[in-house]
Structures are given as C-alpha cells and as structure tokens.
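Below is one structure, written out as structure tokens; comments come after it.
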Amino acid sequence: MTSKKVIELFYDVVSPYSWLGFEVMCRYRHVWNIELKLRPAFLGGVMQGAGNKPPGLVPNKFLYMTKDLNRLSEYFGVPLQAPSDPFEAMFQKGSLSAMRFVAAVQEREKGGDEQVERVSRELWRRIWSEDKDITAPTSLSEAAMKAGLSDSEIKEVLKLSTSKEIKDKLKSTTQCALDHGAFGFPLVVCHVNGKPEVFFGSDRFELMAHCIGERWLGPQPDKSTAKL
C-alpha cells in the first residue's frame with residue numbers, strides 16, 4: 001500500500017456546489033487511498049479577494065443554476081432544494097457566522113473530523129434542503145444538536161466562534177484558498193509528488209482521479225460498485 005495522498009477540500013455551506021463536492025469527497029475517503037482534510041473557509045472572502053462575481057448576481061447564470069441543481073440533486077444523491085429567497089439566504093444573510101461556527105467545531109475537535117463533517121452537513125441541509133436560517137445562534141445550535149453535539153459542547157463552540165482566535169483561523173484558511181488560486185468553491189487541492197494539483201467545482205472528479213492514480217466510480221461509488 002502506497003502512502004495516502006493528502007487532499008484538501010475548501011468549502012462554505014452557503015455554496016450548494018460545495019455540498020456536492022463535500023459529499024463526494026467524504027464518500028471517496030473510504031474508496032481512494034487518500035487522507036482528506038476538511039478546510040472550512042469563507043466564500044465571501046474568496047469572491048472579494050479574487051474579484052469574482054457570484055452566479056446569483058448574473059441573471060442567466062442564476063436561471064441555469066436553478067435548473068442545474070435540480071438535475072445534480074438526483075445524480076449526486078444529495079437532497080438539494082433552493083431556499084424560497086436564495087438572494088437573501090446567500091447574499092444578505094450570508095455564511096460568516098456559520099463558517100466561524102464550523103471553524104470553532106474543528107478547533108476543539110481532537111482526533112478526527114467527524115463532528116466537523118456532521119455539523120457542516122446539517123448546516124447545508126438547513127439552508128439547501130429545509131429553507132432554514134443558518135445565521136442565528138439558535139439556528140447554529142439546532143444544527144449542532146442534530147449533528148450529535150451535547151449542550152455543553154454547543155455552548156463552548158458558540159462562545160469560541162466569536163473569539164479573535166477563530167476569526168483569524170477562518171481568515172487564514174480563506175487566504176490559503178486564495179493562495180492556491182481560488183475564485184470560488186468547492187476547491188480541491190490534491191498533493192501529488194510534492195506538487196499541488198488544484199481543481200475547482202463539483203464536476204472535475206474524473207480528471208482528479210486520473211491525476212492521483214485512482215478510479216472514478218461516479219458520485220455514488222457504493223451504488224457503482226454494487227452494479228459491477
């Protein structure tokens with residue numbers, strides 16, 4: 001068995017395409033010989049830093065994205081459903097407090113990233129499946145509770161999420177994504193032979209597999225394996 005290739009996944013729960021990329025990479029961490037490192041970051045900071053414009057602000061892109069997400073939901077096996085007011089959810093409310101919360105979960109979690117994975121998924125589920133808020137402390141608490149955190153853990157994370165330490169941590173991770181050339185999320189960085197191979201979006205997995213010497217079995221590898 002060769003040593004595992006390190007793959008970093010930069011994401012933000014405000015991004016539906018990040019949810020698709022997140023679920024695929026979490027599924028493949030048990031299929032490919034990889035070490036997956038979750039990198040919760042702030043998409044707003046990346047867009048500003050890269051001078052990019054969100055697809056929701058370009059009318060034709062927004063119309064396409066709405067149809068595209070419906071198709072992708074079935075294909076990826078992820079329960080995507082646009083919020084009733086996507087503009088409010090994505091741009092007026094945003095995800096800064098949510099991503100600080102996820103960064104705080106990661107900061108206090110020792111020996112793995114199970115809580116980070118579960119909390120991130122519950123936040124995505126709230127905004128991109130259940131049309132619920134992800135900004136208020138009560139909303140973050142509900143997501144963390146569903147993810148299995150105890151009351152005491154949630155209180156600790158909420159307090160930590162407002163600290164300078166966590167604010168700086170999120171800024172640092174966001175800057176790291178920009179240093180890799182990010183202009184949006186999800187961003188996947190595969191470290192191959194000492195060199196970073198960077199992939200943007202949720203539609204480059206087949207190429208990614210080729211670059212790291214693995215086999216692409218589709219977005220739902222368990223189903224693909226069962227068919228073989």
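These numbers come from the heavy atoms of this one structure, side chains and all, not from hydrogens, waters or symmetry mates. This is a predicted model, so every value here is computed, not measured.
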**Study point:** Cluster overlap Val14 with Ile166, hydrophobic side-chain contacts below 4.5 Å
**Key:** no

Review point. Do Glu206 side-chain atoms and Arg215 backbone N/O form a donor-acceptor pair below 3.5 Å?
Key: no

Review point. Are Val6 and Tyr11 connected, step by step, through hydrophobic side chains (Ile, Leu, Val, Met, Phe, Trp, Tyr) whose heavy atoms are closer than 4.5 Å?
Key: no

Revision key, fill the gap. Nearest heavy-atom approach of Val13 to Ala98 is CG2-CB, 4.1 Å

Check your understanding: Do the non-hydrogen side-chain atoms of Arg126 and Glu142 ever get within less than 4.5 Å of each other?
Key -> yes

Exercise for review: Please name the pair of heavy atoms, one in Val119 and one in Ala144, separated by the smallest distance, quoted to 0.1 Å.
Suggested key: CG2-CA, 4.4 Å

**Study point:** Residue pairs passing the side-chain hydrogen bond (donor to acceptor under 3.5 Å, both in side chains) test where at least one lies in residues 64-83, sequence neighbours excluded
**Key:** Tyr17-Asp68, Asp68-Arg71

Check your understanding: Between Phe22 and Trp124, what is the ring plane arrangement, given parallel below 30°, perpendicular above 60°, and tilted in between?
Key -> tilted

Check your understanding: Do Ser18 and Asp12 get their side chains close enough for a donor-acceptor pair, meaning under 3.5 Å?
Key -> no

Which donor-acceptor pairs under 3.5 Å do the side chains of residues 151-158 make with protein atoms, sequence neighbours left out?
from, atom 1, to, atom 2, distance (Å)
Ser152, OG, Ser150, OG, 3.1
Glu153, OE1, Ser150, N, 2.8
Glu153, OE1, Ser150, OG, 3.3
Glu153, OE2, Gln115, NE2, 3.4
Glu156, OE2, Arg108, NE, 3.4

Practice item. Find out whether Leu9 and Arg39 are in side-chain contact, i.e. whether some heavy atom of one side chain is under 4.5 Å from a heavy atom of the other. Key: no

Between side-chain atoms of residues 174-192 and protein atoms elsewhere (two or more places apart, or another chain), which donor-acceptor pairs fall under 3.5 Å?
from, atom 1, to, atom 2, distance (Å)
Thr174, OG1, Phe42, N, 3.0
Thr174, OG1, Leu170, O, 2.8
Gln175, NE2, Asp179, OD1, 2.9
His191, NE2, Glu8, OE1, 2.7

Point to revise | Sidechain-backbone polar pair: Ser139 side chain, Thr135 backbone, donor-acceptor under 3.5 Å | key: no

Point to revise | Side-chain ion pair, Arg29 and Glu35, N-O less than 4.0 Å | key: no

Exercise for review: Using the rule that two of Ile, Leu, Val, Met, Phe, Trp, Tyr join whenever any of their side-chain heavy atoms come within less than 4.5 Å, decide whether Trp32 and Phe199 are in one cluster.
Suggested key: yes

Point to revise | Non-hydrogen atoms of Leu140 and Ile134 that approach each other most closely | key: CD2-O, 3.4 Å

**Study point:** Salt bridge present between Arg118 and Glu114 (N-O < 4.0 angstrom)
**Key:** yes

Check your understanding: Got Leu96 and Phe101 here, is their nearest side-chain heavy-atom distance under 4.5 Å?
Key -> no

Review point. Ser129 and Pro79: which non-hydrogen atoms are nearest, and at how many Å?
Key: OG-O, 2.9 Å

Check your understanding: Once you round to the nearest 0.5 Å, how far does NE2 of His30 lie from CG of Asp222?
Key -> 9.0 Å

Check your understanding: Shared ILVMFWY cluster between Leu20 and Leu207, side chains joined below 4.5 angstrom?
Key -> yes

Point to revise | Aromatic ring proximity, centroids under 6.0 angstrom, Phe76 and Trp19 | key: no

Revision key, fill the gap. Heavy-atom closest pair (Pro40 atom, Thr173 atom, distance to 0.1 Å) is O-CG2, 3.5 Å

Review point. Once you round to the nearest 0.5 Å, how far does CD of Glu109 lie from CD of Glu117?
Key: 9.5 Å

Review point. What is the distance from atom CG of Leu38 to atom SG of Cys26, rounded to the nearest 0.5 Å?
Key: 5.5 Å

Exercise for review: Find the distance between CG (Asp168) and OG (Ser163) and round it off to the nearest 0.5 Å.
Suggested key: 8.5 Å

Check your understanding: Between Asp133 and Lys93, is there a side-chain N and carboxylate O pair less than 4.0 Å apart?
Key -> yes

Point to revise | Glu23 and Arg121 ion-paired at < 4.0 Å | key: yes

Check your understanding: Charged N to carboxylate O below 4.0 Å: is that the case for Arg100 and Glu107?
Key -> no

Check your understanding: Is it true that a side-chain atom of Tyr28 and a backbone atom of Trp216 form a donor plus acceptor pair closer than 3.5 Å?
Key -> no

**Study point:** Note, His210 side chain near Phe205 side chain (heavy atom, < 4.5 Å)
**Key:** no

Check your understanding: What's the verdict on side chain to side chain contact (heavy atoms under 4.5 Å, CB included) for Phe10 and Leu43, showing C-alpha distance, side-chain angles and the deciding distance?
Key -> CA-CA 9 Å; Phe10 293 86; Leu43 180 57; over 6 Å; no

Practice item. Determine yes or no for a side-chain-to-main-chain donor-acceptor pair under 3.5 angstrom, with Asp85 supplying the side chain and Glu88 the backbone. Key: yes

Practice item. Evaluate the side-chain proximity of Gln106 to Lys169: yes if any heavy-atom separation is below 4.5 Å, no if none is. Key: yes

Exercise for review: Determine whether Val46 and Phe91 fall in the same hydrophobic cluster, where Ile, Leu, Val, Met, Phe, Trp and Tyr are linked whenever their side-chain heavy atoms lie under 4.5 Å apart.
Suggested key: yes

